[in-house]
Amino acid sequence: MPELPDVEAFRKVLASCAQGRRIQRVEVRDAGVLHGVSAARLRRELAGRSFTAAERHGKWLLARTDDGPTLMMHFGMTGELVCADAADPPDPHDRVVFTVGRERQLRYRDQRKLKGLWLADESGVARTLDRQGPDAMTVDRTGFDAALSARRGGVKSALLDQSVLAGLGNLLADEILWRARLHPARRVRDLTDGERGRLYRAMRGTLRPAVAAGHVPPRRSWLTGRRDDTDAVCPRCAEPLRRGRIAGRGTVWCPGCQPDAS
DNA sequence: CGGAGCGCCTGGAAGC
DNA sequence: TGCTTCCAGGCGCTCC
(Lines give C-alpha, C1' and ligand atoms only; values in the text may rest on other atoms or scores of the structure.)
Protein backbone atom coordinates (compact mmCIF):
# COMPACT_ATOMS: atom_id res chain seq x y z
CA MET A 1 0.00 0.00 0.00
CA PRO A 2 2.46 2.67 1.01
CA GLU A 3 3.58 4.53 -2.08
CA LEU A 4 4.97 8.05 -2.34
CA PRO A 5 1.71 9.79 -1.24
CA ASP A 6 1.37 7.56 1.82
CA VAL A 7 5.01 8.02 2.82
CA GLU A 8 4.66 11.78 2.37
CA ALA A 9 1.73 11.60 4.78
CA PHE A 10 3.92 9.63 7.23
CA ARG A 11 6.57 12.34 6.86
CA LYS A 12 4.02 14.88 8.01
CA VAL A 13 3.07 12.63 10.92
CA LEU A 14 6.71 12.40 11.90
CA ALA A 15 7.17 16.16 11.64
CA SER A 16 4.08 17.14 13.59
CA CYS A 17 4.32 14.38 16.17
CA ALA A 18 7.99 14.17 16.95
CA GLN A 19 10.10 16.87 15.33
CA GLY A 20 11.91 18.95 17.93
CA ARG A 21 10.88 16.59 20.71
CA ARG A 22 13.16 14.58 22.93
CA ILE A 23 13.02 10.80 22.63
CA GLN A 24 12.22 9.61 26.15
CA ARG A 25 11.84 5.94 25.50
CA VAL A 26 12.33 3.43 22.69
CA GLU A 27 10.27 0.29 22.99
CA VAL A 28 10.94 -2.51 20.53
CA ARG A 29 7.95 -4.79 20.69
CA ASP A 30 9.08 -6.91 17.74
CA ALA A 31 12.75 -6.91 16.79
CA GLY A 32 11.81 -8.53 13.49
CA VAL A 33 11.47 -5.09 11.92
CA LEU A 34 15.00 -4.02 12.88
CA HIS A 35 17.66 -4.32 10.20
CA GLY A 36 21.34 -4.26 11.05
CA VAL A 37 20.70 -2.87 14.51
CA SER A 38 19.80 -4.51 17.80
CA ALA A 39 17.02 -3.27 20.04
CA ALA A 40 19.64 -2.37 22.63
CA ARG A 41 21.70 -0.26 20.25
CA LEU A 42 18.61 1.43 18.81
CA ARG A 43 17.64 2.43 22.32
CA ARG A 44 21.15 3.50 23.26
CA GLU A 45 21.66 5.64 20.14
CA LEU A 46 18.26 7.34 20.11
CA ALA A 47 17.10 7.73 23.69
CA GLY A 48 17.86 11.22 24.93
CA ARG A 49 18.25 12.71 21.46
CA SER A 50 15.67 14.75 19.60
CA PHE A 51 14.15 14.16 16.20
CA THR A 52 15.08 17.01 13.92
CA ALA A 53 14.30 17.02 10.19
CA ALA A 54 11.75 14.69 8.61
CA GLU A 55 12.77 13.89 5.05
CA ARG A 56 11.39 11.65 2.34
CA HIS A 57 12.91 10.27 -0.83
CA GLY A 58 10.68 7.98 -2.83
CA LYS A 59 9.30 5.48 -0.35
CA TRP A 60 12.06 6.07 2.21
CA LEU A 61 11.37 8.19 5.26
CA LEU A 62 14.33 9.64 7.16
CA ALA A 63 14.14 10.85 10.72
CA ARG A 64 17.22 12.93 11.50
CA THR A 65 18.39 13.36 15.06
CA ASP A 66 20.51 16.03 16.70
CA ASP A 67 24.14 14.95 16.36
CA GLY A 68 23.04 11.32 16.14
CA PRO A 69 22.38 8.72 13.52
CA THR A 70 19.43 8.85 11.13
CA LEU A 71 16.48 6.53 11.55
CA MET A 72 15.50 5.21 8.14
CA MET A 73 12.03 3.76 7.67
CA HIS A 74 10.50 1.76 4.87
CA PHE A 75 6.91 0.61 5.03
CA GLY A 76 6.79 -2.37 2.70
CA MET A 77 3.23 -3.20 1.83
CA THR A 78 1.49 -2.80 5.17
CA GLY A 79 3.50 -0.37 7.26
CA GLU A 80 2.36 2.95 8.66
CA LEU A 81 3.48 5.63 11.07
CA VAL A 82 1.02 6.69 13.73
CA CYS A 83 1.02 9.44 16.32
CA ALA A 84 -0.72 8.33 19.50
CA ASP A 85 -1.15 9.21 23.11
CA ALA A 86 0.84 7.02 25.48
CA ALA A 87 -2.44 6.06 27.10
CA ASP A 88 -3.88 4.73 23.84
CA PRO A 89 -3.97 0.94 23.83
CA PRO A 90 -1.24 -0.59 21.69
CA ASP A 91 -2.18 -2.05 18.35
CA PRO A 92 -1.02 -5.67 17.96
CA HIS A 93 1.04 -4.54 14.98
CA ASP A 94 2.86 -1.73 16.75
CA ARG A 95 6.42 -3.00 16.34
CA VAL A 96 8.47 -0.07 17.62
CA VAL A 97 7.17 2.73 19.84
CA PHE A 98 9.05 5.98 20.43
CA THR A 99 7.79 8.03 23.34
CA VAL A 100 8.54 11.67 22.56
CA GLY A 101 8.02 14.67 24.78
CA ARG A 102 5.61 14.02 27.59
CA GLU A 103 3.06 11.40 26.73
CA ARG A 104 3.18 11.34 22.98
CA GLN A 105 4.15 8.33 20.93
CA LEU A 106 5.36 7.77 17.42
CA ARG A 107 4.48 4.22 16.46
CA TYR A 108 5.91 2.18 13.61
CA ARG A 109 3.04 -0.18 12.88
CA ASP A 110 3.29 -2.99 10.35
CA GLN A 111 1.39 -6.20 9.91
CA ARG A 112 3.64 -8.09 7.53
CA LYS A 113 7.12 -6.87 8.49
CA LEU A 114 8.39 -6.98 4.93
CA LYS A 115 10.51 -3.90 5.57
CA GLY A 116 11.23 -1.96 8.76
CA LEU A 117 13.78 0.30 10.44
CA TRP A 118 17.45 0.97 9.83
CA LEU A 119 19.89 3.15 11.72
CA ALA A 120 22.47 4.84 9.54
CA ASP A 121 25.18 7.45 9.63
CA GLU A 122 25.63 9.89 6.76
CA SER A 123 27.45 7.44 4.54
CA GLY A 124 24.86 4.76 5.24
CA VAL A 125 22.07 7.11 4.25
CA ALA A 126 23.96 8.05 1.10
CA ARG A 127 24.53 4.42 0.19
CA THR A 128 20.80 3.71 0.31
CA LEU A 129 19.68 6.86 -1.45
CA ASP A 130 22.31 6.48 -4.16
CA ARG A 131 20.48 3.39 -5.33
CA GLN A 132 17.28 5.41 -5.77
CA GLY A 133 16.32 7.30 -8.88
CA PRO A 134 15.05 10.89 -8.69
CA ASP A 135 11.97 11.39 -6.53
CA ALA A 136 8.84 11.10 -8.66
CA MET A 137 7.26 14.11 -6.98
CA THR A 138 10.02 16.58 -7.70
CA VAL A 139 11.70 15.32 -10.87
CA ASP A 140 11.39 17.74 -13.78
CA ARG A 141 10.69 16.80 -17.38
CA THR A 142 14.37 16.74 -18.29
CA GLY A 143 15.22 14.50 -15.36
CA PHE A 144 12.26 12.28 -16.17
CA ASP A 145 13.45 11.76 -19.75
CA ALA A 146 16.98 11.15 -18.51
CA ALA A 147 15.74 8.53 -16.05
CA LEU A 148 13.85 6.66 -18.75
CA SER A 149 16.48 7.04 -21.45
CA ALA A 150 18.57 4.05 -20.40
CA ARG A 151 15.58 1.71 -20.31
CA ARG A 152 14.95 -0.98 -22.86
CA GLY A 153 12.07 -2.87 -21.24
CA GLY A 154 8.39 -2.19 -20.67
CA VAL A 155 7.12 1.12 -19.38
CA LYS A 156 5.32 -0.27 -16.33
CA SER A 157 8.42 -2.13 -15.24
CA ALA A 158 10.41 1.11 -15.59
CA LEU A 159 7.93 3.10 -13.50
CA LEU A 160 8.07 0.49 -10.75
CA ASP A 161 11.86 0.32 -10.64
CA GLN A 162 12.92 2.51 -7.69
CA SER A 163 16.38 2.97 -9.19
CA VAL A 164 14.77 4.64 -12.21
CA LEU A 165 12.17 6.77 -10.42
CA ALA A 166 11.61 6.67 -6.67
CA GLY A 167 8.16 6.55 -5.15
CA LEU A 168 5.78 4.88 -7.58
CA GLY A 169 4.11 1.61 -6.64
CA ASN A 170 1.80 -0.77 -8.38
CA LEU A 171 -1.38 1.28 -7.95
CA LEU A 172 0.19 4.55 -9.05
CA ALA A 173 1.87 2.96 -12.04
CA ASP A 174 -1.45 1.61 -13.33
CA GLU A 175 -3.22 4.89 -12.62
CA ILE A 176 -0.56 6.96 -14.38
CA LEU A 177 -0.42 4.71 -17.44
CA TRP A 178 -4.19 4.74 -17.70
CA ARG A 179 -4.28 8.51 -17.46
CA ALA A 180 -1.54 8.78 -20.08
CA ARG A 181 -3.40 6.29 -22.31
CA LEU A 182 -0.35 4.07 -22.59
CA HIS A 183 -0.43 0.29 -22.52
CA PRO A 184 1.71 -0.95 -19.58
CA ALA A 185 3.69 -3.31 -21.82
CA ARG A 186 4.76 -0.62 -24.29
CA ARG A 187 8.54 -0.51 -24.67
CA VAL A 188 10.04 2.65 -23.22
CA ARG A 189 12.30 3.02 -26.24
CA ASP A 190 9.29 3.07 -28.56
CA LEU A 191 7.60 5.98 -26.81
CA THR A 192 7.50 9.19 -28.82
CA ASP A 193 8.47 12.49 -27.26
CA GLY A 194 4.78 13.36 -27.13
CA GLU A 195 3.98 10.13 -25.33
CA ARG A 196 6.73 10.69 -22.78
CA GLY A 197 5.31 14.16 -22.21
CA ARG A 198 1.86 12.67 -21.67
CA LEU A 199 3.36 10.17 -19.22
CA TYR A 200 5.16 12.90 -17.29
CA ARG A 201 2.06 15.08 -17.08
CA ALA A 202 -0.04 12.09 -16.06
CA MET A 203 2.44 11.35 -13.28
CA ARG A 204 2.27 14.91 -11.98
CA GLY A 205 -1.48 15.10 -12.35
CA THR A 206 -1.89 11.85 -10.42
CA LEU A 207 0.65 12.55 -7.70
CA ARG A 208 -0.57 16.03 -6.80
CA PRO A 209 -4.08 15.03 -5.65
CA ALA A 210 -2.80 11.74 -4.22
CA VAL A 211 -0.27 13.53 -2.03
CA ALA A 212 -2.98 15.97 -0.96
CA ALA A 213 -5.16 13.03 0.03
CA GLY A 214 -2.32 11.12 1.68
CA HIS A 215 -2.90 8.06 -0.49
CA VAL A 216 -4.03 7.12 -3.99
CA PRO A 217 -7.71 8.06 -3.67
CA PRO A 218 -10.13 5.33 -4.74
CA ARG A 219 -12.30 7.81 -6.63
CA ARG A 220 -14.75 6.38 -9.12
CA SER A 221 -13.35 8.70 -11.76
CA TRP A 222 -9.95 7.05 -11.30
CA LEU A 223 -8.88 3.62 -12.42
CA THR A 224 -7.98 2.88 -8.80
CA GLY A 225 -11.60 3.39 -7.79
CA ARG A 226 -12.69 0.62 -10.12
CA ARG A 227 -10.03 -2.03 -9.84
CA ASP A 228 -11.80 -3.96 -7.11
CA ASP A 229 -15.15 -4.04 -8.94
CA THR A 230 -16.24 -7.46 -10.08
CA ASP A 231 -17.23 -6.23 -13.54
CA ALA A 232 -14.88 -3.29 -13.64
CA VAL A 233 -15.27 -0.85 -16.51
CA CYS A 234 -13.15 2.10 -17.60
CA PRO A 235 -14.38 5.34 -15.99
CA ARG A 236 -13.51 7.14 -19.24
CA CYS A 237 -14.93 4.95 -21.99
CA ALA A 238 -16.92 2.26 -20.11
CA GLU A 239 -14.96 -0.51 -21.81
CA PRO A 240 -14.49 -3.57 -19.54
CA LEU A 241 -11.09 -3.33 -17.88
CA ARG A 242 -8.47 -5.97 -18.50
CA ARG A 243 -6.45 -7.70 -15.80
CA GLY A 244 -3.17 -9.45 -16.24
CA ARG A 245 0.33 -9.88 -14.96
CA ILE A 246 2.78 -7.37 -16.35
CA ALA A 247 6.27 -6.79 -14.95
CA GLY A 248 5.41 -9.58 -12.53
CA ARG A 249 2.63 -7.56 -10.88
CA GLY A 250 -1.14 -7.61 -10.98
CA THR A 251 -2.00 -5.05 -13.62
CA VAL A 252 -5.27 -3.38 -14.66
CA TRP A 253 -5.71 -1.39 -17.85
CA CYS A 254 -8.32 -0.32 -20.36
CA PRO A 255 -8.02 -2.05 -23.72
CA GLY A 256 -9.96 0.81 -25.29
CA CYS A 257 -7.93 3.76 -23.99
CA GLN A 258 -4.58 2.00 -23.76
CA PRO A 259 -4.00 0.34 -27.13
CA ASP A 260 -1.80 -2.71 -27.24
CA ALA A 261 1.92 -2.55 -27.88
CA SER A 262 2.33 -4.31 -31.26
C1' DC B 1 20.24 -5.89 -19.42
C1' DG B 2 15.20 -7.26 -18.64
C1' DG B 3 12.06 -9.98 -16.55
C1' DA B 4 10.22 -14.16 -14.41
C1' DG B 5 10.22 -16.72 -10.14
C1' DC B 6 10.87 -17.11 -5.33
C1' DG B 7 11.22 -15.76 -0.57
C1' DC B 8 10.47 -12.69 3.28
C1' DC B 9 5.84 -12.21 6.60
C1' DT B 10 0.83 -12.04 7.89
C1' DG B 11 -4.04 -12.55 7.46
C1' DG B 12 -8.37 -12.22 4.79
C1' DA B 13 -10.81 -14.47 1.13
C1' DA B 14 -11.74 -18.14 -1.76
C1' DG B 15 -11.82 -23.08 -2.64
C1' DC B 16 -12.85 -27.82 -1.26
C1' DT C 1 -17.76 -25.69 9.68
C1' DG C 2 -12.84 -26.33 9.19
C1' DC C 3 -8.74 -26.95 6.78
C1' DT C 4 -5.93 -25.61 2.74
C1' DT C 5 -4.43 -22.66 -0.77
C1' DC C 6 -4.03 -18.39 -2.88
C1' DC C 7 -3.22 -13.78 -3.00
C1' DA C 8 -1.84 -8.81 -1.76
C1' DG C 9 -0.45 -1.81 -2.98
C1' DG C 10 7.31 -3.95 -1.81
C1' DC C 11 11.66 -5.36 -2.83
C1' DG C 12 16.07 -8.01 -3.09
C1' DC C 13 18.07 -11.96 -4.97
C1' DT C 14 18.98 -15.76 -8.36
C1' DC C 15 18.61 -17.52 -12.75
C1' DC C 16 17.87 -17.57 -17.73
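Excluded from the calculations below are hydrogen atoms, water molecules and symmetry mates; all remaining heavy atoms, backbone and side chain alike, are included. In what follows, chains are A, B, ... by sequence order, proteins preceding strands, each numbered from 1.
- Among the protein residues, A/G32 comes within range of no part of the nucleic acid, since none of its heavy atoms lies under 4.0 Å from any strand.
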Please table the atom pairs, donor to acceptor, closer than 3.5 Å between any side-chain atom in residues 18-26 of chain A and protein atoms at least two apart or in another chain.
{"unit_1": "A/R21", "atom_1": "NH1", "unit_2": "A/C17", "atom_2": "O", "d": "3.3"}
{"unit_1": "A/R22", "atom_1": "NH1", "unit_2": "A/G48", "atom_2": "O", "d": "3.2"}

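- Closest to the side chain of A/T224, out of C/dC11, C/dG9, C/dA8, is C/dG9.
- The two atoms that bring A/R196 and A/L191 nearest to each other are NH1-O, 3.4 Å, heavy atoms only.
- You'll find that the side chain of A/S157 is closest to B/dG3, out of C/dG9, B/dG3, B/dT10.
- Across all strands shown, the partner of B/dG7 is C/dC11, judged by Watson-Crick or G-U wobble contacts whose two distances both fall under 3.5 Å.
- In this structure, the CZ atom of A/R112 is 9 Å from the P atom of C/dG9, given to the nearest Å.
- Protein atom NZ of A/K113 is 18 Å distant from nucleotide atom C1' of C/dA8, rounded to whole Å.
- For A/H93 and B/dT10, the shortest distance from a side-chain N or O to OP1 or OP2 is not below 4.0 Å.
- Using a cutoff of 4.0 Å between basic side-chain nitrogens and carboxylate oxygens, A/D174 and A/K156 are scored as salt-bridged.
- The side chain of A/R187 lies closest to B/dG3, out of C/dC11, C/dA8, B/dG3.
- The side chain of A/R152 lies closest to B/dG2, out of B/dT10, C/dA8, B/dG2.
- Listed nucleotides B/dC1, C/dA8, B/dC8 differ in distance to A/L114; the shortest reach to its side chain belongs to B/dC8.
- Within 4.0 Å (heavy atoms only), A/Q111 reaches at least one base atom of the nucleic acid.
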